Amino acid sequence: MFDQRIFNFSAGPSMLPLEVLERAGREITNYDGSGMSVMEMSHRSKAFAKIFAQTKEKFRKLMSIPENYEILFLQGGASTQFSAIPLNLMGMTGKADYALTGNFSTSAWKEAKRYGDVAVACSSEDANHSYIPKTVDVRPDASYFYYCGNNTIYGTQWKYIPETGNVPLVCDMSSEICSKPIDVSKFGVIYAGAQKNLAPAGVTLVIVRKDLIGNAMPITPLMLDWKTQADGDSMFNTPPCWCIYILGLVCDWLEEQGGLTGIQKINEAKAKMLYDVLDDTEIFNCHAAKEDRSDMNVTFRTASAELDALFASQAEEQGLSNLKGHRKVGGMRASIYNAMPVEGVEKLCDFIQAFDQQHR
Ligand SMILES: *Cc1c(COP(=O)(O)O)cnc(C)c1O
């Protein structure tokens with residue numbers, strides 16, 4: 001039992017900024033003099049319409065999303081977009097190319113194969129997804145090229161945006177969205193489940209270039225067609241109101257951190273601190289190739305599964321929680337998203353150094 005907040009290294013859902021939780025707490029029974037909680041409001045009410053419009057605007061500004069991109073707030077998680085992406089885009093030429101760099105991109109690829117001619121543009125499966133391929137093989141007539149920007153389970157991250165000519169880029173940014181500035185105009189579609197870096201589970205952000213909307217295959221379920229969602233401004237049915245409200249508060253918090261340039265500096269400093277300490281130890285090794293290491297999910301292990309288990313359980317007792325790695329990689333994983341305070345990473349570094357001294 002803890003009588004104060006712990007440092008939660010969970011891969012997702014994950015930490016939210018304390019200031020955001022406290023503000024939501026203050027407003028939980030009576031939002032802005034409305035006499036009710038945001039959870040209780042009609043999505044058609046004036047009060048919620050204002051929250052929605054402001055959140056969308058704040059998010060557009062934060063990510064510098066150009067006006068020729070639609071922002072959709074959807075449900076079904078990132079995984080629902082594994083189907084929506086081919087259904088909305090593959091009809092253009094019947095072909096799509098996928099980069100397989102981890103579990104989620106592989107699931108997306110398997111799903112896409114149901115809808116057309118799908119090729120593997122590159123893969124890191126030969127080394128248990130411990131690296132990011134440096135070249136991609138994209139067919140010029142592919143409807144789109146798909147990749148996952150940050151591989152949550154394996155702890156690798158694309159440090160470059162693949163060059164695909166006129167083939168639209170589709171990127172799953174679930175575990176890196178708003179962790180650094182990106183040039184949205186290079187992408188056809190960016191999407192992300194919000195529960196890693198932005199909000200509670202329940203809202204999925206889809207940022208789609210407007211000219212790519214309206215190409216859905218005839219079999220596309222109504223709710224998976226981005227045109228239905230764009231025409232209804234994400235309110236064809238009830239949107240995830242509470243999550244959208246929290247997302248707005250997180251956008252405010254990110255602006256206070258200096259926007260995405262500011263949070264990038266903090267994120268890079270946290271990751272560097274942790275990797276430097278790990279590299280300095282005798283007993284720990286990182287899963288990811290050095291040049292492809294993720295700033296969001298740090299995967300590492302000792303030579304012994306028993307020692308890994310001991311590490312995770314002793315860390316847990318000290319309020320360093322959820323450090324056990326995913327079963328596909330083993331070892332440990334520290335997810336250090338936007339909301340993980342620098343002090344949390346410092347405390348983890350101290351713990352790693354002490355553990356190394358004791359067990360080397
Ligand atoms: C967590 C995650 C997903 C799955 O998200 P859901 O919202 O649970 O469907 C997909 N892609 C990446 C990169 C993730 O980190």
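Model, not experiment: these values are computed from the prediction. Counting starts at 1 for both ligands and their atoms, in listed order.
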Would you mind checking if Glu57 and Lys61 are paired as a salt bridge, meaning a charged N to carboxylate O distance below 4.0 Å? no

Look at the aromatic rings of Tyr154 and His287 and report parallel, tilted or perpendicular, splitting at 30° and 60°. tilted

Check ligand 1 for close polar pairs with the protein: N or O on both sides, less than 3.5 Å.
unit_1, atom_1, unit_2, atom_2, d
ligand 1, 7 (O), Ala78, N, 2.9
ligand 1, 7 (O), Gln195, NE2, 2.9
ligand 1, 8 (O), Gln195, NE2, 3.4
ligand 1, 9 (O), Ala78, N, 3.2
ligand 1, 9 (O), Ser79, N, 2.8
ligand 1, 9 (O), Ser79, OG, 2.6
ligand 1, 11 (N), Asp172, OD2, 2.6
ligand 1, 15 (O), Thr152, OG1, 2.5
ligand 1, 15 (O), Lys196, NZ, 2.6

Can we call the ring centroids of Phe9 and Tyr337 under 6.0 Å apart? no

For the pair Phe355 and Phe284, name the ring-plane relationship: parallel under 30°, tilted 30 to 60°, perpendicular over 60°. tilted

Please check this pair: side chain of Ser37 against backbone of Ile28, looking for a donor-acceptor N/O pair closer than 3.5 Å. yes

Trace of the ring pair (Phe, Tyr, Trp, His ring centres under 6.0 Å) decision for Trp109 with Tyr146: CA-CA 9 Å; Trp109 165 70; Tyr146 180 104; over 10 Å; no

